Amino acid sequence: METLIFYLFGGIALLAAVSVVAQKNVFYSALSLILCLGSVAVLFLALEAPFIAAVQVIVYAGAIMVLFLFVIMILDPFSAAAARDKRKRLTCLAAALGLVALVVMFTLMRAYDPAALPVVAGGIPADAASVSRLGQLLFTRFLVPFEATSILILVAIMGVVVLARKRS
Amino acid sequence: MNPYLVLSLLLFLVGTTGFIVKKNVLAMFLCVELMLNAANLAFVAFARDLGQLQGQIFVFLVMVVAAAEAAVGLAIMIVLYRRRQTLNPDDADTMKG
């Protein structure tokens with residue numbers, strides 16, 4: 001069952017990712033990315049991470065991508081002049097670098113053996129317990145990074161207001 | 001070999017390729033999101049293999065950073081478009097040496 005879910009939604013995620021890159025129109029790229037994020041959320045569920053899956057759908061696919069779509073519609077890049085074409089050389093470079101990265105990372109992953117890892121006794125508990133454990137961890141051991149993220153968000157809000165304000 | 005890690009690798013490479021190939025800041029930004037998402041998938045896969053929840057906390061933090069980055073990046077794009085009427089990063093070359 002898990003294998004089936006993996007291949008189905010992994011395949012959708014991969015196709016959607018290729019579509020993000022292949023689309024000429026940025027708007028369709030963004031829509032494909034939402035599809036990709038959604039299928040990865042299903043994979044998160046399969047990986048016993050229900051909280052992360054929910055956050056992925058609500059925050060990532062919901063809030064962040066809607067922000068993207070708003071900006072795409074404001075900027076209206078469809079009418080903007082087509083990009084100049086010196087793309088060919090970059091494509092070759094990208095393909096070469098990608099091939100090198102593929103070989104390196106496949107080698108690393110072949111060497112990766114989950115059985116050799118020091119697995120903590122008990123592991124991740126069943127669904128509901130895992131969410132509450134995650135919350136406990138977030139507000140005890142990871143309290144400082146958690147609070148730091150609120151400062152980061154505050155700084156980001158101020159930065160955006162300063163940047164995007166119309167100067168008259 | 002963990003299939004989730006292979007998928008994460010492929011998604012990351014697609015994102016990287018798009019980032020290098022694309023000529024539009026908005027599309028490049030979408031590719032960055034794709035790469036972040038691939039990294040998140042790897043984090044969750046490792047979290048399950050290790051039987052630890054820390055990986056999921058990392059994903060949570062990555063998502064917060066992605067949200068902040070998206071907000072600031074999109075604001076920069078709006079300013080760029082207002083001043084230059086372009087979304088091509090090659091046209092923003094004032095600081096080019």
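Labels below follow one simple rule: chain letters A, B, ... track the order of the sequence lines, proteins then strands, and each chain is numbered from 1. Just so you know, these numbers come straight off a predicted model, no measurement behind them.
- Nearest approach of Met63(B) to Ile52(A), heavy atoms of both residues: CE-O, 4.1 Å.
- Interface remark: Tyr7(A) contributes no atoms to any contact with chain B (heavy atom separation under 4.5 Å).
- Ser8(B) places no side-chain N or O within donor-acceptor distance of the main-chain N or O of Tyr4(B), the cut-off being under 3.5 Å.
- Distance CG/Leu53(B) to CZ/Phe142(A): 9.5 Å, rounded to 0.5 Å.
- Ranked by heavy-atom pairs shorter than 4.5 Å toward chain B, the options Ile74(A), Val59(A), Leu102(A) are led by Leu102(A).
- Across Ala27(B), Cys31(B), Gly15(B), Ala75(B), the residue that shares the most heavy-atom pairs under 4.5 angstrom with chain A is Ala75(B).
- In this structure, the separation between CZ on Phe12(B) and CG on Asn37(B) is 11.5 Å, given to the nearest 0.5 Å.
- Within residues 153-161 of chain A, the residues that have a heavy atom under 4.5 Å from a heavy atom of chain B are Ile153(A), Ala156(A), Val160(A), listed by number.
- Interface residue Gln56(A): backbone and side-chain heavy atoms are both found under 4.5 Å from chain B.
- Residue Ala63(A) does not touch chain B at all, counting heavy-atom pairs closer than 4.5 Å.
- Taking non-hydrogen atoms and a 4.5 Å limit, the residue list of residues 32-40 of chain A in contact with chain B, ordered by number, reads Leu33(A), Cys36(A), Leu37(A), Val40(A).
- In terms of heavy-atom pairs under 4.5 Å with chain B, the best-connected choice from Leu97(A), Val162(A), Leu137(A) is Leu137(A).
- Among the candidates Ile20(B), Leu10(B), Leu30(B), the residue making the largest number of heavy-atom pairs closer than 4.5 Å to chain A is Leu30(B).
- Across every non-hydrogen atom of Phe6(A) and Leu43(A), the tightest pair is CA-CD2, 3.9 Å.
- The CZ atom of Phe27(A) lies 5.0 Å from the CE atom of Met73(A); values are rounded to the nearest 0.5 Å.
- Contacts between Arg165(A) and chain B at a heavy-atom distance below 4.5 Å involve the backbone alone (N, CA, C, O).
- The shortest non-hydrogen separation linking Phe44(A) to Ala53(A) is CB-CB, 3.8 Å.
- The nearest pair of heavy atoms linking Ile64(A) to Ala70(B) is CG2-CB, 3.8 Å.
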